[in-house]
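Written out below as structure tokens is the structure these notes cover.
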Amino acid sequence: INSIKESLALGKQKALIQMATGSGKTFVAVNLCYYLIKYCNAKRILFLVDRGNLGDQTRVQGFEDFEVPNDGRKFTDIYNVQHLKNNKIIGVNRVVISTIQRMYSILQGEEQLDPGKENDEALMGDPTMQVEPIKYNPKVPIEEFDFVIVDECHRSIYNLWKQVLDYFDSFMIGLTATPSKSTIGFFDSNLVMEYSHDEAVADQVNVDFTVYNIRTKITRAGSKIEKGKVVAKRDRRTRIKRWENL
């Protein structure tokens with residue numbers, strides 16, 4: 001958090017935090033939101049996730065469970081937090097949690113988003129997917145949010161989703177456990193924090209793992225699909241599903 005403060009004080013538009021899975025990225029983000037609202041007078045913060053269930057988890061286990069320092073109240077007792085379940089952003093909320101898929105839908109002026117798209121792994125997993133570019137939406141101006149926090153940002157920097165990140169004139173903070181060179185490049189090489197799994201285990205934040213090599217019949221001998229069997233195949237680019245007789 002102090003590293004983010006230093007980065008913001010230098011006027012850097014983007015900053016990246018790398019923390020091992022399970023070591024408290026969301027806890028850091030909620031602490032940061034509290035600091036930005038209370039001491040920096042942030043009028044509104046956008047917290048972007050890439051799956052709907054992560055949005056639920058962020059609100060409940062992040063903001064609703066967060067006890068404000070030296071106060072005793074919960075974050076949501078003091079500040080309004082909206083987890084978008086529809087395409088309407090309510091102006092009184094200080095924090096807005098949304099999937100990047102829904103925010104794209106909102107910026108495109110759509111009335112509603114198919115809920116199934118918020119948990120569709122294929123939509124996030126194909127970096128080559130090309131769709132209609134985003135145009136300026138006067139209902140959601142580029143200054144709508146003072147800060148944008150992007151969870152699992154290594155998945156959100158390509159083509160379709162990158163448009164959403166580029167749309168807002170905001171300070172942007174990325175959270176990831178697995179930054180690629182592309183991720184670091186997108187955040188202007190401003191990696192302010194690195195916290196590895198080994199460090200988290202040493203600090204007793206994470207529990208170490210044990211690797212078991214398990215041999216099964218199918219891994220030893222393999223298997224086969226009989227000739228004539230009908231299987232489903234889906235084109236990752238178009239999402240069109242078809243049945244094929246082998």
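Residue numbers start at 1 and run along the sequence shown.
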For Ile218, does the CD1 atom have more than 12 heavy-atom neighbours from other residues, nucleotides or ligands under 6.0 Å away?
no
Find the distance between CD (Glu110) and CG (Asn137) and round it off to the nearest 0.5 Å.
11.0 Å
Rounded to the nearest 0.5 Å, what separation is found between the CG atom of Leu165 and the CE atom of Met103?
11.0 Å
I want to check something: taking the side chain as every heavy atom from C-beta on, are Asp71 and Ile78 in contact at a cut-off of under 4.5 Å?
yes
For Ile100, is there any backbone N or O sitting under 3.5 Å from a side-chain donor or acceptor partner on Asp50?
no
Check Phe147, Phe145, Tyr136 against Phe168 for a ring-ring contact (aromatic ring centres under 6.0 Å, His included) and give me the one that passes.
Phe145
Any side-chain donor paired with an acceptor under 3.5 Å for Asn87 and Arg102?
yes
Taking the side chain as C-beta and beyond, is there a heavy-atom pair between Lys74 and Glu64 under 4.5 Å?
no
Give a yes or no on whether Phe27 and Val81 share a hydrophobic cluster (residues Ile, Leu, Val, Met, Phe, Trp, Tyr; joining criterion: side-chain heavy atoms under 4.5 Å apart).
yes
Pair listing, salt bridge (charged side-chain N to carboxylate O under 4.0 Å, His left out) test, anchored in residues 199-213, at least two apart:
none
Just wondering, more than 12 heavy atoms not from Arg215 lying within 6.0 Å of its CZ?
no
If you measure from NZ on Lys181 to OG on Ser189, what distance do you get to the nearest 0.5 Å?
11.5 Å
Might you point out which heavy atoms bring Ala200 and Ser23 nearest each other, and give the distance in Å?
CB-CB, 4.1 Å
Whether Thr176 side chain and Thr178 backbone form a donor-acceptor pair below 3.5 Å:
yes
Which atom pair, heavy atoms only, marks the closest approach of Ala42 to Arg94?
O-NH2, 2.8 Å
pair Phe66-Asn31: side-chain heavy atoms closer than 4.5 Å:
yes
Quick one: does Ile134's side chain get under 4.5 Å of Gln108's, heavy atoms only?
yes
Are any of the side-chain heavy atoms of Lys12 and Asp188 separated by less than 4.5 Å?
no
Between the main-chain N or O of Asp235 and the side-chain N or O of Arg242, is there a donor-acceptor pair closer than 3.5 Å?
no
Could you tell me whether the side chains of Gln163 and Tyr167 share a donor-acceptor contact shorter than 3.5 Å?
no
Does the side chain of Cys33 come within less than 4.5 Å of Ile149's, by heavy atoms?
yes
Worked check of side-chain contact (heavy atoms from CB on, under 4.5 Å) between Met172 and Val150:
CA-CA 7 Å; Met172 186 175 301; Val150 190; 4.0 Å; yes
Are the side chain of Arg73 and the backbone N or O of Val68 linked by a donor-acceptor pair below 3.5 Å?
no
Using the test salt bridge (charged side-chain N to carboxylate O under 4.0 Å, His left out), find all partners of Asp166 that sit at least two apart in sequence or belong to another chain.
Lys162
Same cluster (ILVMFWY, side-chain, under 4.5 Å), Tyr35 and Ile4:
yes
Test log, rule side chain to side chain donor-acceptor pair (under 3.5 Å), inputs Thr58 and Asp151:
CA-CA 10 Å; Thr58 299; Asp151 194 20; 4.9 Å; no
State whether the number of non-hydrogen atoms from other residues, nucleotides or ligands found under 6.0 Å of Ile225 atom CD1 is greater than 12.
no
Consider side chain to side chain contact (heavy atoms under 4.5 Å, CB included). Of Ile45, Asp146, Val95, which one does Leu36 pass it with?
Ile45
Should the heavy atoms of other residues, nucleotides or ligands under 6.0 Å from CD of Gln204 be counted, would the total exceed 12?
no
Between Gly62 and Val30, which heavy-atom pair has the shortest distance, and what is it?
C-CG2, 3.8 Å
Would you compute the distance between atom CG of Asp169 and atom CD of Gln13 and round it to the nearest 0.5 angstrom?
6.0 Å
Transitive ILVMFWY side-chain link Leu84 to Val92, under 4.5 Å:
no
Sequence neighbours left out, what passes ring pair (Phe, Tyr, Trp, His ring centres under 6.0 Å) with Phe75? Give chain and number order.
Phe63, Tyr79
Write down the atom of Arg44, the atom of Ile90, and the distance for their closest heavy-atom approach.
NE-O, 4.5 Å
Check whether any side-chain N or O of Asn206 sits under 3.5 Å from a backbone N or O of His197 as a donor-acceptor pair, and report yes or no.
no
Quick one: pull up NZ in Lys85 and OG1 in Thr99 and give me the separation to the nearest 0.5 Å.
9.5 Å
Taking the side chain as every heavy atom from C-beta outward, state whether Leu246 and Glu244 have any atom pair closer than 4.5 Å.
yes
With rounding to the nearest 0.5 Å, note down the distance linking CG in Leu16 to CZ in Phe186.
10.5 Å
